[in-house]
Amino acid sequence: MRPMPDPAANGARFSLGFPADPAEVRQALTGLLAAPAVSTLVDSDRGTVELVLAEVLNNIVEHAYAGGTGPVEVDLWATASGLNFQVADAGNPMPEGTLPDGHLPDFLRSGDGPTVLSDLPEGGFGWHLIRSLTRDLTYARQGGRNLLSFAIPLDG
Amino acid sequence: MELQTQTRPKVISVLVLEDRIDAASAIQFKERMRDVTGSGDQRVVLDLARVQFLDSSGLGAIVAVKKLLGPDRVLELSGLTPTVEKVFRLTRMDSIFTIHASLEAAVANAANA
């Protein structure tokens, strides 16, 4: 059972459930971008929402379900300062029970560039993007499910 | 993954004819890029003007292409749309790649290189 939204505090809740799979994620993103609270945003905010959700959902496909599949559920609702999200899956828990810190390599943070081409990372950007674009990011493992919640502040 | 290439004496330009490079298409993008850039020595300009969405998998694939081309072959980018530009800026990858406003600017720059 989904908790009922508090109508005094939150806008209408929008929920979407789908199986974890790259093609399903693409389709789910289309569905989530069509949610009333998202479709009405300015382009830059809608782009941010799509990016954060894509990173979160890709992580679930690639790591939580690691090659297998299972259910994913996204809930979103508008608040005075932005959009709140809760994403649930029944896959593997986060390693160590905590979220990755998403730090970029030092040479990128300092702007010095890599000394050799092979030092350039091809991955590890996902959590950096999620952490850069969200607030109040929390993770819990409850009843065999991963629960990730976060807010996306809006510019527009 | 549709790519449109144009070969000039000093530069191969590759226009991505898809509106996204994401987790579902990143591997295919990397393989197609390897095919179209071949073994020449021209610099490569990747024109992303039609790409509205790039996630970290797509970004990783572009970095992989840069590595495939090796240290002696330049990969530059052009035509970043707003969300794509945001990904490059937030990951500091805008400090690794030379980014031109348009393909025309990139080609003009290559002609003078």
Side-chain angles (χ1 to χ4, degrees), chain A residues 20-30 33 42-63 100 102-134 155-156, chain B residues 1 18-31 33-34 37 43-44 46 48 50-77 80-99:
Chain A
D21 164 280
E24 294 281 351
V25 164
R26 259 195 188 182
Q27 207 176 329
L29 285 174
T30 305
L33 291 178
V42 298
D43 287 352
S44 63
D45 283 335
R46 209 167 50 246
T48 299
V49 169
E50 182 171 17
L51 184 54
V52 170
L53 286 174
E55 297 301 339
V56 167
L57 299 177
N58 289 341
N59 281 330
I60 291 172
V61 172
E62 290 165 24
H63 302 294
H103 281 158
L104 293 177
D106 286 340
F107 68 80
L108 281 176
R109 280 189 283 170
S110 66
D112 291 340
T115 48
V116 287
L117 201 55
S118 59
D119 283 351
L120 274 183
E122 291 175 39
F125 300 117
W127 282 105
H128 177 76
L129 289 169
I130 293 167
R131 289 187 178 279
S132 300
L133 295 168
T134 63
D155 297 331
Chain B
M1 176 59 61
E18 307 280 339
D19 67 355
R20 51 201 299 132
I21 307 175
D22 61 12
S25 64
I27 291 173
Q28 203 196 4
F29 166 77
K30 182 176 152 183
E31 287 171 354
M33 283 297 293
R34 180 170 51 203
T37 53
R43 64 173 58 205
V44 177
L46 179 62
L48 297 172
R50 302 226 188 147
V51 177
Q52 302 298 320
F53 183 77
L54 176 86
D55 65 11
S56 64
S57 303
L59 177 65
I62 292 175
V63 173
V65 170
K66 182 178 173 67
K67 289 183 177 177
L68 282 173
L69 290 171
D72 299 327
R73 234 176 140 189
V74 177
L75 174 64
E76 295 184 338
L77 308 176
L80 273 55
T81 59
T83 302
V84 175
E85 188 276 333
K86 188 181 296 180
V87 171
F88 275 85
R89 179 164 40 83
L90 290 174
T91 59
R92 310 284 171 87
M93 280 292 151
D94 56 352
S95 67
I96 300 296
F97 290 91
T98 300
I99 298 171

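Values below: all heavy atoms of this structure, side chains included; hydrogens, waters and symmetry mates excluded. Because the structure is a prediction, the values reported are computed rather than measured.
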Could you tell me whether a side-chain N or O of Lys86(B) sits under 3.5 Å from a main-chain N or O of Ser44(A), the two making a donor and an acceptor?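 Pair found, side chain donor or acceptor close to backbone of Ser44(A).
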Given a strict heavy-atom distance threshold of 4.5 Å, which part of Pro71(B) is in contact with chain A: side chain, backbone, both, or neither? both
Residue part contacting chain A, namely of Leu54(B), when any heavy atom lies under 4.5 Å: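 Looking at Leu54(B), just its backbone touches chain A.
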Over all atoms of both residues, closest heavy-atom pair of [X] and [Y]:
X	Y	value
Ser118(A)	Lys67(B)	O-NZ, 3.6 Å
Gly47(A)	Thr83(B)	CA-OG1, 3.5 Å
Leu90(B)	Ser132(A)	CD2-CB, 4.2 Å

Under 4.5 Å from any heavy atom of chain B, what part of Leu29(A) do you find: side chain, backbone, both or neither?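 Side chain only.
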Give, as side chain, backbone, both or neither, the part of Leu51(A) having an atom under 4.5 angstrom from any heavy atom of chain B.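 Both backbone and side chain of Leu51(A) come within 4.5 Å of chain B.
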Rounded distance [0.5 Å steps], CG in Leu59(B) versus CZ in Phe125(A): 4.5 Å
Report the option among His128(A), Arg46(A), Glu55(A), Glu50(A) that has the most heavy-atom pairs separated by less than 4.5 Å from atoms of chain B. Glu50(A)
Between Leu57(A), Val25(A), Asp21(A), Leu129(A), who has the most heavy-atom pairs with chain B when the cutoff is under 4.5 Å?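 Highest number of heavy-atom pairs under 4.5 Å: Leu129(A).
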Pick from Val63(B), Val84(B), Thr81(B), Ile62(B): which one has the most heavy-atom pairs with chain A under 4.5 Å?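 Top option by heavy-atom pairs under 4.5 Å: Val63(B).
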Salt bridge (charged side-chain N to carboxylate O under 4.0 Å, His left out) partner of Arg26(A), the single match among Asp19(B), Asp55(B), Asp22(B): Asp22(B)
Check whether any side-chain heavy atom of Pro82(B) lies under 4.5 Å from a side-chain heavy atom of Asp43(A), and answer yes or no.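 No, every pair of side-chain atoms sits at 4.5 Å or beyond.
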